[in-house]
**Student:** 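Have a look at this one.
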Amino acid sequence: MNKVRTRFAPSPTGYLHIGGLRTALYAYLLAKQASGDFILRIEDTDQDRYVEGATEFIYRTLRLCGLDYDEGPDVGGDYGPYIQSERRSIYREYIDKLINLGEAYPCFCTKERLDELRAKAAESKTAYVYDRHCRHLSKEEAAEKMASGIPYVVRQKMPTTGQTTFDDAVYGQITVDNSVLEDGILLKSDGLPTYNFANVVDDHLMNITHVIRGSEYLSSTPKYNLLYQAFGWEIPTYVHVSQIMRSPGKKLSKRDGDASFSDFYNKGYLKEAILNYIALLGWSPGTDEEFFTLEELAERFSISGISKSDAIFDPAKLRWMNGEYIRKLSFAEFHEMAIPYYKQAIQREDVNLEVLSRMLHTRTEVLSDIPEQLDFVDTLPDYNVDLYVHKKMKSSVDTSREYLPQAWGVLGEIEPKDWNEEVIHEKLLGLANSLSVKNGQVLWPVRVALSGKPVSPGGAIELATLLGKEETLARIDFGMEKLSVAPASI
RNA sequence: GGCCCCAUGGUCAAGCGGUUAAGACACCGCCCUUUCACGGCGGUAACGCGGGUUCGAGUCCCGCUGGGGUCACCA
């Protein structure tokens, strides 16, 4: 039994799409559960698409996610180089072999000729297929042209009859008529291979046992099988995975704004939550469990749990799952992660950040939600008196007008050194009790006066504790003033 | 359009010939409660359609419909 070796082979386009990350994750899991190797290979044969810094970005992101690769451009390995543009001579060698085998041929057709063909096809409303013009050149003719320096590409010589069948570990057996296969380009005129050639050569040379990739490659897989057969190479296990869609019919894409891992990560999503969520998008453990660490995933992952149909990315569920991960954080962990967001939201120096964290820990699903929840801390937002009206709390403008000053009174009695949650709680509830009114009738107006918002990440007592005596009394003062000029009753 | 693939609630999904068709998110209601959130309890909601095969089909086969992919000197 060969050691399992999988690879993730992204193009350096500058960002890591959620779907791509999932493919990487599956490849990683498949390798790790079999104690195999996970390899990173950079597919940069399209020099036009090269983006500066993109490879480093891929290294960083994979490491950040914990998808450590055993071999790759920056870690080395026995099968390098791991960047395709550095493997030029290797492809040349194998393309020559293929030509000698009679399985490929040089093609000297110009761009113009091809465009003409395409135009003609469009005109007659038939599908464009390369007419195999150069396939019939004699060896001598071809050699002569090659020698004379005419630019050329190398095309795969497809069988024109028969069928090609391949097995996919998730989709099963797939058969296509060879007649639908085109004499595709294997080597471009710039001397670099197309994906269609490079992936086969590299996967073989790197001893890849399981090829995990998106289902968009399903229809070109027969061509790859033909290549493996031409060389007499062992065909790897194919594991094609469905796509992740943004909404029915819409592929998740960079254009839509938030499809990349870093977008979520930078917004305050935890990497563990993102990985956990995408692992479940297209794979099921077959049980009810849905929280897994990377290690647990490696243990539990199975090809049989991979689903064939496309999955729609549900931001709401990711959000929920992220919230679950945040709640599972220890208080100290949460506090540390939240601090940068506090700094962003609050200028005042006198607020106790730990009090904030106690309030926010269960109220935060995504870290970047924090600033908005705290927008009342520095300055009291302007608000309308009808905020004092709350049916369930039995609070109205009238009751608020009556109880707010009393609350001000009992709070004012507290010595600054005793200003803490316990004492405030005692004072405020004591007031409601002595007045024989519902707690809410006292607490609601206080909460409103302190926050100026319909909802706040804490009640009257917590907000008073957070804001301090001076600010609390000042805000209540302001509220009383507002109420005094309000129309009779609402 | 040709070829290939897919098809269980709004979403992710379990199911692999016999089930009251799980579970989760979202949504709704109730409870807890100083608002909200957390937490607890409950609810609405699905096998695309039509033929077969079978004693019996969400599960197997065929057709249809719908969706996706692919037909580049991109991967």
Side-chain angles (χ1 to χ4, degrees), chain A residues 9-11 13 43-46 48-49 107 109 111 114 118 125-130 151-155 168 171-172 174-177 179-182 184-196 198-199 213-222 240 242-243 245 247-249 251 277 280-290 304-305 307-321 323 327 359-365 373 387 390 392-393 395 425 428-429 432 438-444 446-448 451 453-463:
Chain A
S11 291
T13 56
E43 309 229 335
D44 63 342
T45 55
D46 183 2
D48 291 343
R49 293 218 299 186
C107 167
C109 292
K111 182 112 175 37
L114 264 21
R118 251 185 284 268
K125 288 172 100 173
T126 53
Y128 160 79
V129 182
Y130 174 61
Y152 65 95
V153 300
V154 177
R155 290 181 182 269
D168 182 88
Y171 287 93
I174 295 175
T175 300
V176 298
D177 286 330
S179 59
V180 307
L181 268 20
E182 200 187 7
I185 293 173
L186 301 177
L187 194 75
K188 299 182 281 182
S189 54
D190 64 4
L192 281 170
T194 59
Y195 171 86
N196 297 325
N199 92 84
R213 54 153 85 113
S215 63
E216 66 268 28
Y217 292 101
L218 226 32
S219 59
S220 37
T221 299
H240 285 94
S242 65
Q243 320 228 7
M245 316 284 286
S247 55
K251 229 172 138 170
Y277 176 69
L280 260 21
L281 250 195
W283 173 77
S284 164
T287 65
D288 283 352
E289 303 152 275
E290 51 185 358
S304 64
S307 60
K308 299 201 236 298
S309 42
D310 293 341
I312 292 169
F313 183 86
D314 183 1
K317 185 150 186 179
L318 203 215
R319 195 167 225 294
W320 163 79
M321 184 163 268
R327 273 164 236 136
M359 290 165 47
L360 259 12
H361 198 172
T362 60
R363 281 179 252 250
T364 303
E365 283 194 310
Q373 298 194 80
L387 265 190
H390 193 289
K392 215 180 124 201
M393 293 295 110
S395 178
H425 183 273
L428 253 17
L429 293 204
K438 293 198 59 156
N439 293 340
Q441 291 189 278
V442 170
L443 295 168
W444 177 262
V446 172
R447 194 201 65 77
V448 169
S451 67
K453 299 178 72 178
V455 302
S456 53
I461 296 157
E462 288 159 301
L463 296 188

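Just so we're on the same page: letters track the sequence lines, and every chain starts at 1.
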**Student:** Can you list the residues that meet the side-chain contact (heavy atoms from CB on, under 4.5 Å) rule with A:P454, with sequence neighbours excluded?
**Tutor:** A:L387
**Student:** How long is the line joining CH2 of A:W283 and C1' of B:A14, in whole Å?
**Tutor:** 13 Å
**Student:** Which protein N or O atoms sit under 3.5 Å from an N or O of nucleotides 73-75 of chain B?
**Tutor:**
| from | atom 1 | to | atom 2 | distance (Å) |
| --- | --- | --- | --- | --- |
| B:C73 | O2 | A:S189 | N | 2.8 |
| B:C73 | O2 | A:S189 | OG | 2.7 |
| B:C73 | N3 | A:S189 | OG | 3.0 |
| B:C74 | OP2 | A:K188 | NZ | 3.2 |
| B:C74 | O2' | A:D46 | OD2 | 3.1 |
| B:C74 | O2' | A:R49 | NE | 3.4 |
| B:C74 | O2' | A:R49 | NH2 | 3.3 |
| B:A75 | OP1 | A:T45 | OG1 | 2.5 |
| B:A75 | OP1 | A:D46 | N | 3.3 |
| B:A75 | OP1 | A:K188 | NZ | 3.2 |
| B:A75 | OP2 | A:Y195 | N | 3.0 |
| B:A75 | O3' | A:S11 | OG | 3.3 |
| B:A75 | O3' | A:E43 | OE1 | 2.9 |
| B:A75 | O2' | A:S11 | OG | 3.2 |
| B:A75 | N3 | A:Y217 | OH | 3.0 |

**Student:** Heavy atoms only, 4.0 Å cut-off, all strands: where does A:S456 land among base, sugar-phosphate and nothing?
**Tutor:** base
**Student:** A:T45: what forms a side chain to side chain donor-acceptor pair (under 3.5 Å) with it, not counting sequence neighbours?
**Tutor:** none
**Student:** At under 4.0 Å between heavy atoms, what does A:A460 touch on the DNA or RNA strands: base, sugar-phosphate, or nothing?
**Tutor:** base
**Student:** Rounded to whole Å, please give me the gap between NZ in A:K308 and C1' in B:A13.
**Tutor:** 15 Å
**Student:** At under 4.0 Å between heavy atoms, how does the protein contact nucleotides 40-46 of chain B? Give one character per nucleotide, 5' to 3', with B, S or -.
**Tutor:** -------
**Student:** Applying side-chain contact (heavy atoms from CB on, under 4.5 Å), can you list everything that pairs with A:T364, at least two apart in sequence or on another chain?
**Tutor:** A:I326, A:F334, A:L360, A:L367, A:I370, A:Q373
**Student:** How would you label the contact of A:L280 with the nucleic acid (heavy atoms, under 4.0 Å): base, sugar-phosphate, or nothing?
**Tutor:** sugar-phosphate
**Student:** With a 3.5 angstrom cut-off on both distances, give the Watson-Crick or G-U wobble partner of B:C30, or none if there isn't one.
**Tutor:** B:G40
**Student:** Base, sugar-phosphate alone, or nothing: which one does A:G282 contact when heavy atoms must sit under 4.0 Å apart?
**Tutor:** sugar-phosphate
**Student:** Between the protein and nucleotides 30-32 of chain B, which nitrogen or oxygen pairs are less than 3.5 angstrom apart?
**Tutor:**
none

